[in-house]
Each structure stands twice: as structure tokens, then as C-alpha cells.
Amino acid sequence: MRLSSGFIPTVKETPAEAVIPSHKLMIRSGMVRALGAGIYAFLPLGYRVMKKVMEIIREEMDAIGGQELHLPALSPLELWEETGRVKAFGDILFHLKNRPLVLAPTHEEVICWLAKNHISSYKDMPQIWYQIQTKFRNEPRPRSGVLRGRQFIMKDSYSLDSTWEGLDTSYDLHAQAYRKIFSRCGLKFFVVGASSGAMGGTGSQEFMMESRAGEDVIAVSEDLSYAANMEIATSLMPKAPRFPENLPLEDIHTPNVKTIDELARFLKVDHSRLAKSVVYWSDETPVLVLMMGNDGLNEAKLAGVLGTEVRPIEPERLLELTGADGGSIGPVGLRERTPASKRFRIIADKRLEGANNLISGANRNDYHTTNIDLQRDCQIDGYYDLRTVMEGEPSPNGKGTLRIIPGVELGHIFKLGTKYADALHATFLDEHGKEHPIIMGSYGIGVERIVACHIEQNNDADGILWDKALAPFLFHLVSVGTKSPAVVEAAEGLYASLNQAGMEVLFDDRKDVSPGFKFKDADLLGMPYQVIIGEKNLAAGNIEIKERKTGKRWLHPRVTIMEHLQELART
RNA sequence: CGGGGCGUAGCGCAGCCCGGCUAGCGCGCUUGGUUCGGGACCAAGAGGUCCCGGGUUCAAAUCCCGGCGCCCCGACCA
């Protein structure tokens with residue numbers, strides 16, 4: 001491709017809306033242009049990179065037996081109503097105004113419809129079907145360039161199995177393929193255990209990249225041997241102690257004490273003696289959650305335990321139900337004082353399991369109850385891990401302490417189980433002629449995210465530093481001194497030879513720009529090798545090569561330059 | 001959905017508070033010339049519904065009301 005005639009609109013100035021490096025560089029290098037919020041046009045250079053990523057994905061998906069297909073983006077609204085996901089997605093799902101159709105944000109429903117019609121026997125499985133296709137999500141707030149768009153390309157695959165062991169195998173195959181894909185794309189990534197959230201299912205892992213541009217939060221041990229999404233991360237924190245002596249309950253006056261810190265100071269006791277009460281709605285049931293001291297409640301964990309969406313109770317309703325305000329709620333006698341229709345469910349964090357001599361609210365403003373024994377004085381419906389881990393806490397695998405870092409989700413793999421097959425009645429007959437729902441897995445990779453993340457991890461003040469695997473071109477041939485017939489001839493000749501040899505080369509043959517301009521553009525576009533043909537070096541029979549990543553430059557004799565470049569392409 | 005900011009030439013911005021001549025600057029673009037190894041220089045030029053609608057006024061980019069779009073922070077998020 002020639003820069004003189006190619007459509008690669010580079011710009012010197014950074015557009016105002018771009019904040020993160022990848023976004024700035026993708027615009028400056030002419031890879032993309034924004035058409036609207038979260039809507040991007042991929043220009044020739046950007047699309048070359050996208051195609052490289054997609055090809056790597058194809059190779060690895062094919063290698064695990066995946067079969068590529070292509071599903072429509074338009075899909076009947078009815079299909080989504082059957083699985084309840086019109087409601088689950090809410091405003092994220094794009095609806096068409098003049099037909100009962102939606103723009104698919106993912107394709108479990110369509111895959112399930114296909115499977116229902118064509119998979120009828122255990123002999124038809126396992127299957128792995130995948131596609132690389134445009135997805136649509138009406139994100140409330142698109143941001144960070146192509147990292148979070150309203151339209152994006154996703155590789156999504158689906159496994160169909162007749163047994164749970166089969167699902168495990170399909171899932172593991174994907175986990176392995178994903179590692180290969182991200183490694184080949186030159187990304188530093190790590191795998192974290194994740195919550196399967198609204199997707200449903202029995203297990204999931206995310207493939208993440210550490211980045212301040214990310215919107216996920218991950219807890220990792222220092223040596224990365226443990227990594228988990230904050231929604232499920234745990235740590236090794238000591239339990240509240242159980243004291244040998246058992247003291248009687250006592251209400252104490254604690255005027256104007258609202259927070260746990262104030263209470264600890266007022267009573268001069270350790271946080272481990274305090275049971276903080278947090279009240280949530282689980283659908284229409286009020287739930288009192290006891291947390292030790294200042295431990296933060298993790299709403300995702302709570303929702304997982306309760307099996308419903310959760311929302312904090314409104315202060316007025318709390319007062320109405322209990323007769324006390326937020327800072328004075330406690331487990332003792334709570335059920336007795338609330339109406340039967342709104343009987344509290346009481347659960348506690350594992351750190352409080354078996355604890356006694358605790359202090360909590362007395363369900364009376366300005367009073368707290370001391371010497372609470374959770375076994376003796378109240379009926380706890382269960383102890384669960386409900387706390388949000390904090391930076392510096394000991395890693396659950398015993399290896400060092402946790403760091404809390406932001407990350408970008410590159411891929412996500414789910415063991416879906418039978419949720420969709422149940423809803424859409426996609427069943428098969430086993431070897432005994434018995435009917436079962438098909439067991440599914442679903443696996444996604446964000447293609448734009450790979451591109452953007454690669455740039456996030458590989459850039460400097462001058463521009464992009466492409467890995468060979470993703471670089472739009474391997475060589476950037478720069479002709480310096482287009483007035484010299486010798487230079488023009490040498491550059492044109494080398495360009496022709498490279499093309500003939502099937503090597504990818506971008507040729508800066510522009511006659512109307514200064515050498516400095518060409519060098520700046522070459523650094524901005526970031527091809528792995530710059531091949532520079534200048535008058536002086538050429539006169540001495542040499543051609544200069546610059547490795548973009550290291551800045552290393554060297555001269556090579558013109559006569560054997562093709563062999564040398566082919567060697568560079570191989571290594 | 002809450003908070004903040006912005007919308008003026010293809011891009012980056014000034015002008016707006018405090019209304020007033022022909023709306024300005026840098027980059028880019030066109031033409032001619034000079035230059036030619038790290039985003040060159042000179043000269044001449046083209047390019048504007050000042051986001052949209054309404055209002056106030058002799059007069060609106062500027063003030064007022066309403067709307068739309070974009071960005072940032074938060075909430076939300078397979």
C-alpha cells in the first residue's frame with residue numbers, strides 16, 4: 001500500500017474527546033473515526049488489524065473443533081421474551097421501532113433455536129459453533145474509544161453437550177484456546193474467576209488485562225497466582241473470636257453514635273466485637289445482613305446468595321418496619337417486632353460465624369445491645385462470604401497479600417448449563433431414550449478490545465509499537481529524498497520486490513512531505529520495521545533499518561536487503 | 001439516571017461575563033516558488049446554518065427559555 005494514494009488520515013493533534021492512549025492513537029493513526037457515541041468506522045489501517053485478530057481467533061477456534069457460522073444480527077423479539085432476557089437486558093437491548101425485532105447483543109437464544117431444531121440425539125454432540133459478528137448494545141455510557149461501544153465485533157462461541165463432563169471438556173478447550181489467542185496477540189493477560197451474573201450458569205472465568213482504562217476491578221495476589229473479580233474475590237481474614245465466658249444481653253445508651261468507628265471509640269472495643277447491620281430488599285423481603293466491624297458488603301455476593309436482585313432499603317421504610325434508623329438496627333428481637341408480612345431474613349458474613357459477646361444495634365435509636373451470642377440470642381438463616389476484600393489483605397491461597405487493580409475484560413467463558421435449553425425446550429434423547437435439556441456453554445471475545453488493549457500495552461510518546469502478529473504491515477518503507485532518481489528507483493524497486501515476495505509493506509512514497517514528517521508518521525503508525533532509503537546511505541550502497549520498538553538502527557547492504565528483510569520477517 | 005464541562009472552518013482553539021464595524025488564531029487544504037534525514041519557509045487563496053428552535057433587543061456567537069449532541073466523574077453493566 002502506498003501512502004501517497006492510500007486512505008490513512010493521520011493527524012498531528014489529539015482530538016479533544018480521546019482520553020486514553022489507545023483511543024488517541026487509533027484516531028491519530030487513522031485507524032478509526034467516530035460516527036457517534038460508541039459508534040466507530042474502521043478505516044483501512046484499523047481494519048487490517050481487526051482482520052489479523054479475527055484470523056488468529058479463527059485458527060485457534062478451528063483448532064479445538066469449532067465450526068464457524070454466521071447468525072443474523074436481527075432477531076425476533078418473541079425469542080427473547082421466552083428466555084426472559086428482554087427484561088434482563090432492559091434498555092441495553094436495541095429494539096426496532098417498526099418491526100417486533102431486536103438487534104442481538106449476544107446469541108444464546110439463536111443458537112438454542114438452532115439446536116432445538118437440529119440436535120435431537122446425544123449422538124449429535126458435542127458441538128462447538130462460533131461466529132465473528134457485530135453485536136449491538138445500547139450502553140448507557142459508551143467510553144474509552146472502541147473499548148466500550150454500542151456496536152462492536154465479538155467472537156462468540158457456544159458449546160452443546162449431552163453431559164456435564166462434556167461441558168467441562170468444552171469449557172477447558174475454550175480456556176486453552178483463549179490463552180493461545182491472547183498470547184499470540186501479544187497481550188499480557190491473566191485469568192480470573194468471575195461471577196456468572198445475569199448470564200446464569202455454574203462457572204465462569206474472565207480473561208483480563210490490567211489497565212487504568214478498565215472498568216472492572218480485580219483482586220490479585222502479588223505473584224498473580226490468585227486473581228478474581230471483586231464480585232467474588234475472597235481473602236484470609238480472621239474470624240471474630242468466641243470468648244469462653246458468656247455474658248448476659250444488655251442494652252446500653254449510645255447517644256449520637258452512628259458509625260462503626262464512632263461506636264468502637266465510644267465503647268473502646270475492637271472492631272471484631274462489632275456486628276454492623278446492613279438492610280437490603282431481596283425482591284419484597286427485607287434482609288438484615290450482619291458484617292463484622294467495618295467490612296464492606298459485596299452486593300454481587302449478596303445477590304448470588306439470595307438468588308435475587310438486591311437494593312438497599314429506603315431509610316423511611318426501615319424506620320417504619322423496625323422503629324429505628326440505620327445506625328441502630330440489630331439482629332436481636334428484630335423478627336418479633338416486624339409485621340409478619342415483612343418478616344426479616346437475617347444472614348451474616350462468615351467472619352461472624354459462631355461469635356459471641358458481639359455488639360449490634362438494639363432496634364431503638366441511640367441504643368446498642370452488647371454480649372450478643374449469635375447462636376444463643378438470634379436465629380441466623382445462614383453464614384456466607386459476603387464481604388468486599390480490601391487492598392493488602394492476605395490472599396486466599398496463602399501467597400502474599402492482595403492488590404486491587406482495574407482491568408479490561410478481553411474474554412469471558414461461561415458454563416451456562418441448561419438455563420436456555422430449559423426456557424426454549426431444546427432437548428435431546430440419551431442412550432436410554434430419555435429426554436434431557438441440552439447443556440450449553442458460551443464464550444466471548446471482544447475483537448476491538450484486543451486491538452485497543454494491544455495499543456494500551458504497546459505505545460510510547462511517538463506512537464504505536466505493533467507486535468508482528470497484529471501489525472497492519474510488517475515493513476514501513478520510507479523513501480527520503482524523492483528528488484533523487486536513485487532513491488526513487490531503489491525504493492520503487494524494493495517495494496515491488498517485497499510485494500512480489502508476499503511481504504506486507506506500507507510505502508511512504510509521498511513527494512510533497514519533508515523527511516521529518518515521514519519519520520513522525522512512521523513512528524506514529526508503528527510498524528515493526530522501518531526501511532529507510534536515503535540519498536547518502538544509498539550512495540554508499542546501504543539501506544537503513546529501524547526497529548520501532550527498540551529504536552535500534554542499522555545499515556544493510558542494498559544488494560542483499562531482500563534476504564535480510566525476509567530473515568527479519570521470519571524471526 | 002445523578003454531578004460537572006463543552007458545542008464557533010476538516011482538526012485544535014480564542015471571542016461569550018460586559019450585545020455593536022467584514023467572527024479570529026494555529027494546524028490542515030488549494031496555487032506558485034524555495035526547501036528536502038525528525039511534523040520546513042515565503043507569497044497568494046478557498047473554506048462558517050457560530051449545534052437546533054424560540055424569545056428579548058434598533059442590533060445576538062454573546063443575554064433568556066426549550067431541545068439535541070459530545071466528553072469527563074459516578075451509578076449501571078453477559
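Numbered from 1 within each chain, the chains take letters A, B, ... in sequence-line order. Only heavy atoms go into these numbers, but all of them, side chains included; no hydrogens, no water, no symmetry mates.
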Angle between ring planes, H454(A) versus W466(A), binned at 30° and 60°: parallel, tilted or perpendicular?
parallel
For atom C1', what is the distance between rC71(B) and rC21(B), given to the nearest Å?
36 Å
Spacing between E139(A) atom CD and rC71(B) atom C1', to the nearest angstrom:
17 Å
May I have the distance from R150(A) (atom CZ) to rC77(B) (atom C1'), rounded to whole angstrom?
13 Å
With rounding to the closest Å, how many angstrom separate the P atoms on rA14(B) and rG5(B)?
15 Å
So for R28(A) and rG39(B), does any side-chain atom that can act as donor or acceptor lie under 3.5 Å from a complementary atom in the base?
yes
In whole angstrom, give the distance that lies between atom CZ of R148(A) and atom C1' of rG74(B).
13 Å
For rC18(B), the Watson-Crick or wobble counterpart (both distances under 3.5 Å)
none
Please work out if P9(A) contacts a base, only the sugar-phosphate, or nothing of the nucleic acid, heavy-atom cut-off 4.0 Å.
nothing
Is rC36(B) paired to anything, Watson-Crick or G-U wobble with both distances less than 3.5 Å, and if yes, which nucleotide?
none
Between rC42(B) and rG38(B), how far is it from one C1' atom to the other, in whole Å?
22 Å
Looking only at atom C1', what distance separates rA61(B) and rG7(B), rounded to whole Å?
11 Å
Nucleotide rG38(B), atom C1' - distance to NZ of K518(A) in whole Å
13 Å
Interatomic distance at C1', rC36(B) relative to rA46(B), whole Å
27 Å
Please name the nucleotide paired to rU56(B) by Watson-Crick or G-U wobble geometry with both distances under 3.5 Å, or report none.
none
Distance-only donor-acceptor check, side chains N542(A) and R558(A), under 3.5 Å
no
Could you please name the option among rG37(B), rC72(B), rC70(B) that lies closest to any side-chain atom of F519(A)?
rG37(B)
I'd like the C1' distance from rU34(B) over to rG47(B), given in whole Å.
26 Å
Mind calculating the distance between CD (E17(A)) and P (rC51(B)) to the nearest angstrom?
17 Å
Quick note, R143(A) side chain, CB onward, closest among rA75(B), rG39(B), rG37(B) is rA75(B)
E206(A) and N229(A): side chain donor to acceptor below 3.5 Å
yes
Among rG37(B), rG39(B), rG12(B), the nucleotide that comes nearest once only the side chain of A16(A) is considered:
rG12(B)
Side-chain donor-acceptor pair under 3.5 Å between H556(A) and T560(A), yes or no?
yes
Between G36(A) and I92(A), which is nearer to the 5' end of RNA chain B once each is assigned its nearest nucleotide?
G36(A)
Would you say the side-chain atoms of Q205(A) and Y171(A) include a donor-acceptor pair closer than 3.5 Å?
yes
For nucleotides 29-35 of chain B, which of its nitrogen or oxygen atoms have a protein nitrogen or oxygen under 3.5 Å away, and what is each distance?
none

Would you indicate what K546(A) reaches in the nucleic acid, counting non-hydrogen atoms under 4.0 angstrom: base, sugar-phosphate, or nothing?
base
Comparing nearest nucleotides in RNA chain B, the 5'-proximal residue of the pair G145(A), V11(A) is V11(A)
Nucleotide rA75(B), atom P - distance to CE of M230(A) in whole Å:
12 Å
Applying the Watson-Crick and G-U wobble criteria at under 3.5 Å, what pairs with rC68(B)? Answer none if nothing qualifies.
rG7(B)
Give V19(A) one of three labels, base, sugar-phosphate or nothing, depending on what nucleic acid heavy atoms sit under 4.0 Å from its own.
sugar-phosphate
For L167(A) and Y443(A), work out which heavy atoms get closest and say how close.
CD1-OH, 3.9 Å
Please check if any side-chain donor atom of S157(A) sits under 3.5 Å from a side-chain acceptor atom of H174(A), or the reverse.
yes
Heavy-atom count check: over 12 atoms from other residues, nucleotides or ligands less than 6.0 Å from E78(A) CD?
no
Using atom P of each nucleotide, how far apart are rG24(B) and rG69(B) to the nearest Å?
32 Å
Just the rounded figure in Å: distance from P of rC70(B) to CZ of R33(A).
18 Å
Quick one: look up who rU62(B) pairs with, Watson-Crick or G-U, both distances under 3.5 Å, and put none if it's unpaired.
none
Would you tell me whether N298(A) and E231(A) have side-chain atoms, one donor and one acceptor, within less than 3.5 Å of each other?
no
Counting only Watson-Crick pairs (N1-N3 plus N6-O4 or O6-N4) and G-U wobbles (N1-O2, O6-N3), all under 3.5 Å, who is the partner of rC13(B)?
rG24(B)
According to a strict under-4.0 Å criterion, is R141(A) in side-chain N/O contact with OP1 or OP2 of rC73(B)?
yes
Please determine, for rU30(B), whether a Watson-Crick or G-U wobble partner exists with both distances under 3.5 Å, and give it or none.
rA44(B)
Could you list the residues that satisfy side chain to side chain contact (heavy atoms under 4.5 Å, CB included) with A104(A), not counting sequence neighbours?
W80(A), H107(A)
Which whole-number value in Å describes the distance from I39(A) CD1 to rG69(B) P?
11 Å
Return yes if the base of rG37(B) and the side-chain atoms of E544(A) contain a donor-acceptor N/O pair under 3.5 Å, otherwise no.
yes
Scan nucleotides 23-28 of chain B against the protein and return all N/O pairs shorter than 3.5 Å with their distances rounded to 0.1 Å.
{"unit_1": "rG26(B)", "atom_1": "N2", "unit_2": "E13(A)", "atom_2": "OE1", "d": "3.0"}

So, S22(A) and K24(A): side-chain donor and acceptor under 3.5 Å apart, yes or no?
no
Ring geometry between Y529(A) and W554(A) (parallel below 30°, tilted from 30 to 60°, perpendicular above 60°)
perpendicular
Nearest-Å distance once atom P is located in both rG19(B) and rG12(B):
30 Å
